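Keep in mind the model is a prediction, meaning the values are calculated, not measured. Scope of the values below: all heavy atoms of this structure, side chains included, with no hydrogens, waters or symmetry mates.
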Amino acid sequence: MIRACTINDKSALQAIAYQTFDETFRAQNKKENIDNYLKTAFTDEKIERELLNPESFFYFIYFDQQLAGYLKLNIKGSQTEAYNDDDMEIERIYILKQYQKHGLGKQLYQHALTKAVSLSCKRIWLGVWGKNINAIEFYKKMGFEKVDQHAFYMGDEKQIDYIMIKNL
């Protein structure tokens, strides 16, 4: 089951955002860098501001009635890169480790695609860490192409995100 998040989901969203990011990236980053990032990236104020933003959309996905992951989409001025107003960004698709390999990421992607079509978006795009080979391959299978890249800093470590786009 996939459902839209509301402000009442702030605590659950904060917890799953923190946990999934930590599970996904801790092993590839310096401890102090990941700890500092997690301390600032998922604060109460930041999560609340994102949930109340009318140009961002959050969705929870469940597996056997358990919260298993989430999706964040951005349109217009909420996109993290300067793309067109008729584009949609998939900013986050995260699944808890214990629920991976059950097709939940694909379900969230399909949900994003449906939302993009309902908003008459022309393209859907995302940024993905260049070392996240599984995610890159997944997005390629879904029809995305790498069109650009940018630097992302995790503390003092420079990392490269690939920008991938799919025309709708």
Side-chain angles (χ1 to χ4, degrees), residues 2 5 13 16-38 40-42 46 50 55-63 67-76 78-119 121-168:
I2 297 174
C5 296
L13 178 60
I16 197 165
Y18 186 102
Q19 183 178 350
T20 53
F21 194 92
D22 190 57
E23 287 179 351
T24 304
F25 299 112
R26 179 166 293 279
Q28 297 94 355
N29 287 280
K30 292 180 189 173
K31 180 185 182 330
E32 61 273 13
N33 287 345
I34 196 90
D35 288 346
N36 287 333
Y37 181 84
L38 289 169
T40 60
F42 305 112
K46 195 167 187 182
E50 290 179 338
E55 295 178 345
S56 293
F57 310 94
F58 284 92
Y59 300 92
F60 282 155
I61 191 164
Y62 295 83
F63 186 81
L67 180 57
Y70 78 105
L71 167 69
K72 181 183 182 198
L73 305 172
N74 297 315
I75 58 170
K76 300 181 181 173
S78 290
Q79 296 177 86
T80 60
E81 298 280 334
Y83 280 99
N84 300 329
D85 279 352
D86 57 1
D87 289 343
M88 175 181 281
E89 174 189 18
I90 297 176
E91 185 177 350
R92 303 180 200 143
I93 292 182
Y94 285 105
I95 305 295
L96 290 166
K97 258 198 181 10
Q98 70 193 79
Y99 298 111
Q100 292 178 1
K101 307 298 183 199
H102 293 286
L104 301 179
K106 189 171 186 177
Q107 288 178 47
L108 286 175
Y109 163 72
Q110 291 295 337
H111 192 79
L113 195 58
T114 299
K115 181 72 173 177
V117 169
S118 77
L119 294 173
C121 294
K122 302 268 190 282
R123 301 183 308 174
I124 195 165
W125 71 274
L126 54 90
V128 60
W129 188 24
K131 292 185 180 179
N132 192 345
I133 304 305
N134 288 340
I136 292 167
E137 291 306 313
F138 170 78
Y139 293 123
K140 283 181 180 176
K141 281 185 206 168
M142 297 299 115
F144 285 80
E145 294 180 19
K146 179 185 169 198
V147 296
D148 202 358
Q149 62 186 39
H150 68 230
F152 172 82
Y153 285 86
M154 176 68 67
D156 61 356
E157 295 178 276
K158 181 180 179 182
Q159 302 176 358
I160 301 299
D161 279 351
Y162 295 165
I163 304 298
M164 300 181 78
I165 290 181
K166 177 178 179 168
N167 291 316
L168 300 178

Asks: Return the CG to CE distance between N33 and M154, rounded to the nearest 0.5 Å.
Replies: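 Interatomic distance, N33 CG to M154 CE, rounded to 0.5 Å: 7.5 Å.
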Asks: What distance do D85 atom CG and L119 atom CG have between them, rounded to the nearest 0.5 Å?
Replies: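 Reported to 0.5 Å precision, the distance equals 12.0 Å.
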Asks: Between CD of Q107 and OH of Y59, what distance do you get to the nearest 0.5 Å?
Replies: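 Between Q107 CD and Y59 OH, I get 15.0 Å after rounding to 0.5 Å.
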Asks: I'd like to check I16 versus F60 (side-chain heavy atoms, cut-off strictly below 4.5 Å). Are they in contact?
Replies: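 Yes, side chains in contact.
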Asks: May I ask you to decide if T80's main-chain N or O and E89's side chain share a donor-acceptor pair within less than 3.5 Å?
Replies: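 Answer holds: yes.
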Asks: Mind running side-chain contact (heavy atoms from CB on, under 4.5 Å) on Y37 and N29 for me, showing each step along the way?
Replies: CA-CA 11 Å; Y37 181 84; N29 287 280; over 6 Å; no
Asks: Just do the side-chain contact (heavy atoms from CB on, under 4.5 Å) check on L96 and F63 with the steps written out, would you?
Replies: CA-CA 11 Å; L96 290 166; F63 186 81; over 6 Å; no
Asks: Between atom NZ of K141 and atom CD of E137, what is the distance when rounded to the nearest 0.5 Å?
Replies: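 If we round to the nearest 0.5 Å, K141:NZ and E137:CD are 7.5 Å apart.
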Asks: I'd like to check the salt bridge (charged side-chain N to carboxylate O under 4.0 Å, His left out) partners of E32; sequence neighbours left out, ordered by chain and number.
Replies: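 Per chain and number, E32 pairs via salt bridge (charged side-chain N to carboxylate O under 4.0 Å, His left out) with no residue.
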Asks: Going through the checks in order, is the side-chain contact (heavy atoms from CB on, under 4.5 Å) test met by L113 and L168?
Replies: CA-CA 9 Å; L113 195 58; L168 300 178; 3.2 Å; yes
Asks: Apply the test side-chain contact (heavy atoms from CB on, under 4.5 Å) to residues I95 and L108: give CA-CA distance (whole Å), side-chain angles for both, the deciding distance (0.1 Å), then the verdict.
Replies: CA-CA 10 Å; I95 305 295; L108 286 175; 3.7 Å; yes
Asks: With rounding to the nearest 0.5 Å, note down the distance linking CD in E91 to CG in L71.
Replies: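 If we round to the nearest 0.5 Å, E91:CD and L71:CG are 10.5 Å apart.
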Asks: Quick one: does Y83's side chain get under 4.5 Å of I163's, heavy atoms only?
Replies: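 Yes, at least one pair of side-chain atoms sits under 4.5 Å.
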Asks: Of the non-hydrogen atoms in N84 and Q79, which two are nearest, and what is the gap between them?
Replies: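 Of all heavy-atom pairs spanning N84 and Q79, the closest is O-NE2, 3.0 Å.
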Asks: So does K131 have more than 12 non-hydrogen atoms from other groups sitting under 6.0 Å from NZ?
Replies: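 No, not enclosed.
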Asks: Inspect the surroundings of NZ in K146 and state if more than 12 heavy atoms from other residues, nucleotides or ligands are less than 6.0 Å away.
Replies: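 Result for NZ/K146: enclosed.
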Asks: Does some side-chain heavy atom of I90 sit less than 4.5 Å from a side-chain heavy atom of I124?
Replies: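 Side chain of I124 against side chain of I90, heavy atoms only: contact under 4.5 Å found.
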Asks: Please name the pair of heavy atoms, one in A17 and one in Y70, separated by the smallest distance, quoted to 0.1 Å.
Replies: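 That would be CB-OH, 3.4 Å.
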Asks: Kindly say whether K122 contributes a backbone atom to a donor-acceptor pair with the side chain of D86 at under 3.5 angstrom?
Replies: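 Pair absent, no side-chain N/O of D86 close to backbone of K122.
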Asks: In terms of heavy-atom contacts, does CD of Q110 have more than 12 from other residues, nucleotides or ligands at under 6.0 Å?
Replies: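 Yes, the 6.0 Å shell around CD holds more than 12 heavy atoms from other groups.
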Asks: Taking the side chain as every heavy atom from C-beta outward, state whether W129 and F152 have any pair of such atoms under 4.5 Å apart.
Replies: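 No, too far: nothing below the 4.5 Å cut-off.
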Asks: Show which side-chain atoms of residues 21-28 pair as donor or acceptor with protein atoms under 3.5 Å away, not counting sequence neighbours.
Replies:
{"residue": "D22", "atom": "OD1", "partner": "R26", "partner atom": "NE", "Å": "2.6"}
{"residue": "D22", "atom": "OD1", "partner": "R26", "partner atom": "NH2", "Å": "2.8"}
{"residue": "E23", "atom": "OE1", "partner": "K97", "partner atom": "N", "Å": "2.8"}
{"residue": "E23", "atom": "OE2", "partner": "Q19", "partner atom": "NE2", "Å": "3.0"}
{"residue": "T24", "atom": "OG1", "partner": "T20", "partner atom": "O", "Å": "2.7"}
{"residue": "R26", "atom": "NH1", "partner": "D35", "partner atom": "OD1", "Å": "3.1"}
{"residue": "R26", "atom": "NH2", "partner": "D35", "partner atom": "OD1", "Å": "2.7"}

Asks: So, taking the atom named NZ in K76 and the one named CE in M88, what distance separates them when rounded to the nearest 0.5 Å?
Replies: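 Answer for the NZ-CE pair, K76 versus M88, is 10.5 Å.
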Asks: Taking the basic N atoms (NZ, or NE/NH1/NH2) and the acidic carboxylate oxygens, is any pair closer than 4.0 Å for E50 and K72?
Replies: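 Salt bridge flag = yes for K72 with E50.
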Asks: Evaluate the criterion side chain to side chain donor-acceptor pair (under 3.5 Å) for residue pair K166 and Y109; output intermediate values, then yes/no.
Replies: CA-CA 12 Å; K166 177 178 179 168; Y109 163 72; 2.9 Å; yes
Asks: Minimum heavy-atom separation for K46 to A41, with atom names?
Replies: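 Here K46 and A41 meet closest at CD-O, 3.3 Å.
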Asks: Can you find a pair of side-chain heavy atoms, one from F144 and one from V128, that are under 4.5 Å apart?
Replies: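 Sidechains of V128 and F144: no contact.
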